[in-house]
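Notes follow once the structure below has been shown.
Keep in mind it's a predicted model, so treat the numbers as computed, not measured.
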There are 2 protein chains.
Amino acid sequence: MYKNQRNLMSEKVSSRKQQVRAEDVARHAGVSRVSVSRTFTPGASVSAATRAKVLKSAEILGYRVNRLASSLNRSESGIVALIAAEIDTPHRSAMIAELSDKLQAAGKVTMLINTSGYEERVKDALLQAISFRTEAAIILSGAPDPSLADTCFSNGMKLVLINREEDFPGSLQIGPDNRAAGKTALKALLRAGCKRIALANSANATWSILERQKGFVDAADEAGVEVLSEVGGLTSYQAGLELGTALLDREDRPDGIFCTTDLIACGVIDAARQRFGLRTPDDLSVIGFDDIAQAEWEGYDLTTFAQPTDQIIEKCLEWCTTEQPETETVKLPAKFVWRNSVQKARIPLK
Amino acid sequence: MYKNQRNLMSEKVSSRKQQVRAEDVARHAGVSRVSVSRTFTPGASVSAATRAKVLKSAEILGYRVNRLASSLNRSESGIVALIAAEIDTPHRSAMIAELSDKLQAAGKVTMLINTSGYEERVKDALLQAISFRTEAAIILSGAPDPSLADTCFSNGMKLVLINREEDFPGSLQIGPDNRAAGKTALKALLRAGCKRIALANSANATWSILERQKGFVDAADEAGVEVLSEVGGLTSYQAGLELGTALLDREDRPDGIFCTTDLIACGVIDAARQRFGLRTPDDLSVIGFDDIAQAEWEGYDLTTFAQPTDQIIEKCLEWCTTEQPETETVKLPAKFVWRNSVQKARIPLK
DNA sequence: ACACGTTGTGTACACGTGTACATAATATAG
DNA sequence: CTATATTATGTACACGTGTACACAACGTGT
């Protein structure tokens, strides 16, 4: 009798937020609380009559099952953490859009943790995820502190690193095959007949971006081609402008540039057009990476690599629903997207 | 005695995810469970000695307070829902980046709900937010079903509509003063000496965008100026390309275009440059709205309006932490950002 | 009519935490 | 050294839900 009443003794009742509970619905419908619970539990056994009564009362009272409470004894929160920096960047935001959409379709809920700024925030983000008993954490940027691995797993949390390869046991590490893409980029520039080949990269590149660079440079070494390399700035459009300006100012002006990112590539193309009066692909061939929306814009029409986003996400979801996953590293081929920023092949294919 | 053991009777123990509880830490540290709770509750009274023991044991066992559980009796989840569609759009993603960052700084956690696709998803998103006892829901796109208002408030949820003005009692409705901006845009084009003035807008514009259009057209009516109006497509770059092409193909080709969105403006500028060989601002003046990153790119250098993002967010947070907010509508002035897509004033100011 | 399987409901407990209250330990004042 | 004020710990209960178990109601077949 007493337990059914709420806050009888406390006078501070009014300051407390009132919530509608299963108890209230049960009383209103004239059934037991368990019947309410069962009504909203798929596969539970309730008669059609009581179910109807419960649903009606719930509608009237505005009742919704408290998933925070239900997570408690089901030990499945349904929450997945998305940890990322520079969320407003074209490629990153596209990734987040896709991920959140697919997670939602899979019945999960996404908790977005922004780690822009200090690198340290990734650690805090993971700790926060653990606090909310996130089923998994998908890390899009920043390297997590490996010492956290145990804490993650002792709380039954799955871990996915996208575009990172770190020493983080028990996690899925997935991303495009950056080296192969870098190699392909070089071949494409050679095939286009470029004589002076250059690389434009940011100074604070991530692991993934450095891999692209390495693939490109290694392939050049193999082919016995010299690479004019310009590195500086952030991974941004502005950096691209500056890198492009620096490269095109050289006496031995390059005629083919691989940019490790589409944003940089857009900057390079604009530097060429606005500052030097050069046009792609006639005067200059440019290749980017990511296939952001702007790559398709008519002013750029950028030849680039599309990240295998769909496959990455599919694998992510599969991993998140697997029981006891082992450490796994997956490299997926990036799709080369031919547009019109690279000179048509003067040297025939093959 | 029995209650301290876990899952003694069930044989399915192994399939259940083991979590570290305050109980475990207490036993390991040789203190009571309450002391553990107090250690992690700011302002609670624990001796330095026990606090140290607890912290050490927590570190060793990898313990983190379960915020799902603590939300139960504190009736504050600390979660705020962000409901938005087309997350990968420049302005939207910038907004989300800022919001999530500021929310985090305020000690809140953001739950991102993607409502791209069906309009109906906004309703589901709100219901989901309620299920997770979100402290507030910030709706960036889509009109919520007004019938949900009661359900929201009966669960103590705050509501913010950004860039929408709907009949949703008890909510904060906030955004830029779109009408005023439209008016300013017209004046700017007139002052630049434009003779044939046009408007480019998408066919599925939101309320906010329609307001800009209305402000622009009304001001034109007042000034006795005719507006060539082209409407079609989505609110996207591609639509801008088509709208721009259609406008510039006319016999009475416009020399000043107000685009209701920067994305559309970029499309219009590219149509002018790539398809008609026209340049801004010499041959054509263009004004956009949003001040997305690309507006600053050298290829566009777009004169536009910056949304008062900081103030919007500040007001949002203030609202979310207010006790019993009343319905409120806030219009903030959008800042006119002069760049170089509009002909320099031929008619002197004032 | 009886034994028996089916189905729906109720009871009791667990999930992991915070907090009011009572009580034990300690510091302070006389 | 005792009486008292202060502080730290322990006890009990509440938050809102899911589920194993017991049991009542209800046909069904002989």
Can you work out whether T50(A) or V65(B) has the more 5'-proximal nearest nucleotide on DNA chain C? T50(A)
Less than 3.5 Å between a donor and an acceptor, one on the side chain of N73(A) and one on the base of dT17(D), is that the case here? yes
Residue whose closest nucleotide on DNA chain D lies nearer the 5' end, A69(B) versus A48(B): A48(B)
Side-chain donor-acceptor distances from residues 38-49 of chain A under 3.5 Å, at least two apart:
{"from": "T39(A)", "atom 1": "OG1", "to": "S35(A)", "atom 2": "O", "distance (Å)": "2.8"}
{"from": "T41(A)", "atom 1": "OG1", "to": "S37(A)", "atom 2": "O", "distance (Å)": "2.7"}
{"from": "S47(A)", "atom 1": "OG", "to": "T50(A)", "atom 2": "N", "distance (Å)": "3.3"}
{"from": "S47(A)", "atom 1": "OG", "to": "T50(A)", "atom 2": "OG1", "distance (Å)": "2.9"}

Tell me whether E328(B) is salt-bridged to K315(B), with the criterion being a basic N under 4.0 Å from an acidic carboxylate O. yes
Find the distance R64(A):CZ to dT17(D):P and express it as a whole number of Å. 12 Å
Please identify which of these residues, S141(B), P144(B), S171(B), meets the side-chain contact (heavy atoms from CB on, under 4.5 Å) condition with R164(B). S141(B)
Looking at dC15(D), I'd like to know if its phosphate oxygens (OP1 or OP2) sit under 4.0 Å from a side-chain N or O belonging to S70(B). no
Figure out the CG/P separation between D24(B) and dC15(C), and round it to whole Å. 11 Å
Lys/Arg N to Asp/Glu carboxylate O, D24(B) vs R33(B), below 4.0 Å: no
Let's see if you get this right: which residues in residues 28-41 of chain B place a heavy atom under 4.0 Å from DNA chain C? R33(B), V34(B), S37(B), T41(B)
Sidechain-backbone polar pair: K158(B) side chain, C320(B) backbone, donor-acceptor under 3.5 Å: yes
Do the side-chain N and O atoms of Q19(B) and R133(A) include a donor-acceptor pair separated by under 3.5 angstrom? yes
Starting at atom CD of E76(A), determine the distance to atom P of dG18(D), rounded to an integer number of angstrom. 13 Å
Among the nucleotides dT19(C), dG16(D), dG16(C), whichever has the atom closest to the side chain of Q19(A) is dG16(D)
Measure from CZ on R21(A) to C1' on dT17(D) and round the result to the nearest Å. 12 Å
Point-to-point distance, once rounded to the nearest 0.5 Å, from CD1 of I139(B) to OG1 of T115(B): 9.0 Å
Does S45(B) put a side-chain nitrogen or oxygen below 4.0 Å from OP1 or OP2 of dA8(D)? yes
Side-chain contact check for S47(B): nearest option of dA8(D), dT17(C), dC15(C) is dA8(D)
In chain order, what residues pass the salt bridge (charged side-chain N to carboxylate O under 4.0 Å, His left out) check against D88(A), with sequence neighbours excluded? none
Output every pair passing side-chain hydrogen bond (donor to acceptor under 3.5 Å, both in side chains) with a member in residues 52-62 of chain A, not counting sequence neighbours, ordered by first then second residue. H28(A)-S57(A)
What's the CZ-C1' distance between R51(B) and dA8(D), to the nearest Å? 13 Å
Have a look at the helix from dA1(C)-dT30(D) to dG30(C)-dC1(D) and give the angle its two end axes make, five pairs each, rounded to 10 degrees. 40°
Please report the distance, rounded to the nearest Å, between CZ in R133(A) and C1' in dG16(C). 9 Å
Nucleotide dG16(D), atom P - distance to CG of L61(A) in whole Å: 14 Å
Regarding S71(A), tell me which of base, sugar-phosphate or nothing describes its non-hydrogen contacts under 4.0 Å with the strands shown. nothing
Roughly, in whole Å, what's the span from CZ in R27(B) to P in dG16(C)? 12 Å
For T151(B), side chain to side chain donor-acceptor pair (under 3.5 Å) partners two or more places apart: none
